[in-house]
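Here is the structure we will look at, set down as structure tokens.
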Amino acid sequence: MLIREATEQDWAALWPFMREIVAAGETYTYDRDLDEEQLRALWMLSPPGRTVVAVDDDGSVLGTAKMNPNHMGGAAHIASASFMVDPRHGGRGTGRALGEHVLEWARSAGYLAMQFNAVVESNTAAVALWQSLGFTIMTTLPEGFHHPAKGYVGLHIMYRRL
């Protein structure tokens with residue numbers, strides 16, 4: 001697996017699985033009916049942000065991550081990131097590889113820590129992955145996320161010092 005900068009040409013491979021993930025409404029706080037241009041604007045970042053794709057040996061896009069300062073001004077030393085893995089390619093370590101890549105990017109860019117602002121509590125695979133990469137649940141906003149099947153579930157804020 002290769003992780004590289006995302007290009008505009010990658011969007012055709014990203015959009016179908018990202019649309020599916022967002023429309024399901026189970027893991028992201030995005031509006032479930034985002035159109036293609038809205039999601040592209042949210043995901044394909046300009047500096048100081050960065051967007052990458054994970055690709056298989058045959059060039060297939062497996063997943064993507066975006067990384068950016070979490071805040072501005074006096075809090076700009078804290079990074080954040082978001083991740084989506086194509087469900088057809090799940091279970092292959094793509095999320096872990098992207099997570100490790102993002103952490104290395106944040107360290108090399110001089111960030112002191114990384115914070116995830118909204119990890120859905122019922123997304124147990126993601127919570128376990130981030131904890132295995134050293135993130136701690138700092139707090140949980142009770143009933144902070146309305147899951148389409150599980151009702152109101154908690155929304156974690158997770159943190160890792162770099």
Side-chain angles (χ1 to χ4, degrees), residues 3 6 10-11 13-54 61-73 75-91 94-103 105-106 109 111 113-162:
I3 297 176
D10 292 318
W11 185 252
L14 295 173
W15 167 241
F17 75 84
M18 292 179 72
R19 176 184 60 216
E20 177 184 331
I21 291 167
V22 170
E26 297 176 349
T27 56
Y28 271 84
T29 60
Y30 295 155
D31 288 333
R32 293 174 68 182
D33 62 351
L34 286 177
D35 67 29
E36 185 173 1
E37 290 308 310
Q38 290 169 318
L39 188 53
R40 183 196 309 245
L42 287 169
W43 201 264
M44 301 296 281
L45 301 181
S46 300
R50 181 172 177 245
T51 304
V52 297
V53 291
V61 175
L62 307 173
T64 181
K66 67 172 185 160
M67 57 218 84
N68 48 273
N70 195 37
H71 301 286
M72 298 181 289
H77 59 282
I78 308 296
S80 192
S82 298
F83 307 83
M84 289 196 204
V85 174
D86 186 335
R88 297 171 302 156
H89 299 293
T94 303
R96 177 172 295 281
L98 286 166
E100 290 170 348
H101 180 88
V102 164
L103 287 167
W105 166 82
Y111 290 96
M114 182 165 283
Q115 176 182 324
F116 297 154
N117 301 320
V119 181
V120 178
E121 180 179 48
S122 59
N123 188 357
T124 56
V127 172
L129 173 59
W130 305 140
Q131 288 176 319
S132 77
L133 290 175
F135 284 83
T136 301
I137 297 170
M138 300 303 292
T139 193
T140 302
L141 177 62
E143 300 179 338
F145 184 82
H146 190 216
H147 190 283
K150 299 177 186 215
Y152 290 99
V153 298
L155 201 55
H156 296 317
I157 297 174
M158 299 184 77
Y159 171 85
R160 177 185 165 165
R161 185 159 174 77
L162 300 173

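Shown are Asp10, Leu45, Leu14; of these, the side chain to side chain contact (heavy atoms under 4.5 Å, CB included) with Thr51 is made only by Leu45.
Legend: residues meeting side chain to side chain contact (heavy atoms under 4.5 Å, CB included) with Pro142, ordered by chain and number and at least two apart, are absent. Qualifying side chain to side chain contact (heavy atoms under 4.5 Å, CB included) partners for Ala97, counting only residues two or more places apart in sequence or in other chains: Met1, Ile3. Looking at residues two or more places apart in sequence or on another chain, you find no side chain to side chain donor-acceptor pair (under 3.5 Å) involving Thr29. With sequence neighbours left out, the side chain to side chain contact (heavy atoms under 4.5 Å, CB included) criterion links Pro48 to Pro69. The side chain to side chain donor-acceptor pair (under 3.5 Å) test applied to Gln38 returns no partner, not counting sequence neighbours. Scanning for ring pair (Phe, Tyr, Trp, His ring centres under 6.0 Å) contacts around His146 gives Tyr152, with sequence neighbours left out. Not counting sequence neighbours, the partners of Arg96 by the side chain to side chain donor-acceptor pair (under 3.5 Å) test are Ser132. Remark: Arg50 pairs with Glu5, His101 by the side chain to side chain donor-acceptor pair (under 3.5 Å) rule, at least two apart or across chains. Shown here are the salt bridge (charged side-chain N to carboxylate O under 4.0 Å, His left out) partners of Glu100, two or more places apart in sequence or in another chain: there are none. Taking Ser82 as the reference, Tyr28, Trp43, Lys66 meet the side chain to side chain contact (heavy atoms under 4.5 Å, CB included) condition, with sequence neighbours excluded.
The nearest pair of heavy atoms linking Leu103 to Met114 is CD2-SD, 4.2 Å. Looking at every heavy atom in both residues, Met18 comes nearest to Thr64 through SD-CG2, 4.1 Å. Nearest heavy atoms, Phe83 versus Val102: CE2-CG2, 3.6 Å. Heavy-atom minimum distance, Glu36 versus Trp11: OE2-NE1, 2.9 Å. Nearest heavy atoms, Leu98 versus Ala54: CD2-CB, 4.0 Å. The minimum heavy-atom distance linking Ala79 with Ala106 is given by the pair CB-CB, 4.1 Å.
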Give the table of side-chain donor-acceptor pairs shorter than 3.5 Å for residues 115-128, with sequence neighbours excluded, one pair per line with atom names and distance.
{"residue": "Gln115", "atom": "NE2", "partner": "Asn117", "partner atom": "OD1", "Å": "2.7"}
{"residue": "Asn117", "atom": "OD1", "partner": "Asn70", "partner atom": "ND2", "Å": "3.2"}
{"residue": "Asn117", "atom": "ND2", "partner": "Asn70", "partner atom": "OD1", "Å": "2.7"}
{"residue": "Glu121", "atom": "OE1", "partner": "Gly154", "partner atom": "N", "Å": "2.8"}

N/O donor to acceptor pairs below 3.5 angstrom from side-chain atoms of residues 155-162, sequence neighbours left out:
{"residue": "His156", "atom": "ND1", "partner": "Thr140", "partner atom": "OG1", "Å": "2.6"}
{"residue": "Arg160", "atom": "NH1", "partner": "Leu133", "partner atom": "O", "Å": "2.5"}

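Side-chain contact between Thr27 and Met84 is absent, with no heavy-atom pair separated by less than 4.5 Å. Taking the side chain as every heavy atom from C-beta outward, Ile137 and Gln131 approach each other to under 4.5 Å.
To the nearest 0.5 angstrom, Ile78 atom CD1 is 7.5 Å from His71 atom NE2. Between the CG atom of Leu34 and the CZ atom of Arg40 there is a distance of 13.5 Å, given to the nearest 0.5 Å.
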